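Here is the structure we will look at.
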Amino acid sequence: MRIGICPGSFDPVTNGHVDIFERASKLVDKLIVAVLTNPNKHNLFTQEERVELIKASVAHIPNVEVDDGASGLLIDYAKSKNSFMIIRGLRALSDFEYEFQRALFSKYLDDDIETVFIMTNNKYSFVSSTGIRELARFQGRLDGLVPETVKKALEAKFADRSE
Ligand code: ADP
């Protein structure tokens, strides 16, 4: 069975991510969306919330599993899941530099695991979780950029705050 992993912090998941999951799911038998906790990032949504939001957003893709167990080195996680493929989305040139370095680190750690890139859908090329959080904070229009459940969760999150 060919197992691929889409890792990310998904804070929150966007339609750009979902588009990558849909396309990546066609390349493998099983796709694991791995929700990572990046110690350098302060997250808006907790790990559990991020997992639940992704689950609600990928219910229409049959071979996708959402996993929150991703901590430590991604390469060790991939091996523990018998996965040979790390799939990442690529937007503008600015993504390239970071992704290039990450892919080479992975290759250095394990030559058998390949990092594969899927080019962003033109419709979502400008969509980032950071941009979405900012838009939501100031009540910007989120329609079409995030799944409906995520939109509701963002509205609830910011309605709770007095910012
Ligand atoms: P990380 O926290 O690991 O940088 P993110 O959670 O922001 O990752 O995103 C996970 C993956 O999805 C990354 O490979 C990122 O490049 C990709 N991605 C994010 N937004 C988009 C988008 N709009 N189109 C395509 N790929 C995207």
Side-chain angles (χ1 to χ4, degrees), residues 3-28 30-58 60-61 63-78 81 83-107 109 113-137 140-151 153-154 157:
I3 302 172
I5 292 181
C6 268
S9 39
F10 309 114
D11 186 34
V13 67
T14 69
N15 282 347
H17 293 131
V18 176
D19 180 77
I20 297 292
F21 302 154
E22 286 168 354
R23 291 156 68 199
S25 72
K26 294 181 190 144
L27 305 178
V28 291
K30 180 164 93 176
L31 182 71
I32 302 174
V33 176
V35 184
L36 306 169
T37 293
N38 183 339
N40 301 320
K41 284 189 184 175
H42 176 71
N43 293 311
L44 176 65
F45 289 99
T46 65
Q47 174 123 350
E48 295 74 41
E49 288 172 328
R50 285 180 280 139
V51 168
E52 287 314 310
L53 290 174
I54 301 171
K55 281 188 179 161
S57 311
V58 299
H60 63 290
I61 320 174
N63 58 336
V64 172
E65 194 180 293
V66 187
D67 188 53
D68 62 353
S71 60
L73 281 178
L74 179 60
I75 225 72
D76 292 335
Y77 173 80
K81 296 286 176 187
S83 172
F84 70 101
M85 200 197 255
I86 295 169
I87 305 168
R88 302 275 295 171
L90 259 195
R91 282 160 301 181
L93 267 185
S94 50
D95 274 349
F96 179 82
E97 190 83 27
Y98 173 70
E99 296 293 345
F100 178 70
Q101 197 181 56
R102 268 183 76 139
L104 291 187
F105 264 118
S106 296
K107 197 104 197 108
L109 291 169
I113 297 184
E114 288 299 337
T115 306
V116 172
F117 295 99
I118 296 184
M119 219 48 78
T120 183
N121 182 324
N122 206 18
K123 283 194 288 191
Y124 307 125
S125 59
F126 64 98
V127 178
S128 67
S129 296
T130 310
I132 291 295
R133 290 195 302 271
E134 208 165 299
L135 213 56
R137 184 185 300 274
R141 196 161 54 87
L142 294 166
D143 301 275
L145 305 184
V146 293
E148 207 45 41
T149 353
V150 174
K151 186 180 161 210
L154 280 164
K157 196 60 112 180

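Bear in mind that the values here come from a model prediction, so they are computed numbers and not experimental data. Both counts, for ligands and for their atoms, begin at 1 and track the order of listing.
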Identify all pairs of nitrogen or oxygen atoms, one from ligand 1 and one from the protein, separated by less than 3.5 Å, and list them with distances.
| unit_1 | atom_1 | unit_2 | atom_2 | d |
| --- | --- | --- | --- | --- |
| ligand 1 | 2 (O) | S9 | N | 3.4 |
| ligand 1 | 2 (O) | S9 | OG | 2.4 |
| ligand 1 | 2 (O) | K41 | NZ | 2.8 |
| ligand 1 | 3 (O) | R88 | NH1 | 3.3 |
| ligand 1 | 3 (O) | R88 | NH2 | 3.3 |
| ligand 1 | 6 (O) | S9 | N | 2.9 |
| ligand 1 | 6 (O) | F10 | N | 2.8 |
| ligand 1 | 9 (O) | H17 | NE2 | 3.1 |
| ligand 1 | 14 (O) | R88 | NE | 3.1 |
| ligand 1 | 14 (O) | G89 | N | 3.1 |
| ligand 1 | 14 (O) | G89 | O | 3.3 |
| ligand 1 | 16 (O) | G89 | O | 2.7 |
| ligand 1 | 20 (N) | R91 | NH1 | 3.3 |
| ligand 1 | 23 (N) | Y124 | O | 2.8 |
| ligand 1 | 23 (N) | V127 | O | 2.9 |
| ligand 1 | 24 (N) | T120 | OG1 | 2.9 |

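Although no hydrogens or angles enter the test, the distance criterion places no donor-acceptor pair under 3.5 Å between the side chain of Q47 and the main chain of L36. In terms of modelled atom types and a separation under 3.5 Å, the side chain of R23 and the main chain of M119 share a donor-acceptor contact.
Enclosure of atom CG in N122 is not indicated, since only 12 or fewer non-hydrogen atoms of other residues, nucleotides or ligands lie within 6.0 angstrom.
Interatomic distance, E99 CD to L90 CG, rounded to the nearest 0.5 Å: 6.0 Å. The structure places CG of N63 at 11.0 Å from CD1 of I3, a figure rounded to the nearest 0.5 Å.
Evaluation of the side-chain contact (heavy atoms from CB on, under 4.5 Å) rule for E22 yields V18, D19, H60, I61 as partners, not counting sequence neighbours.
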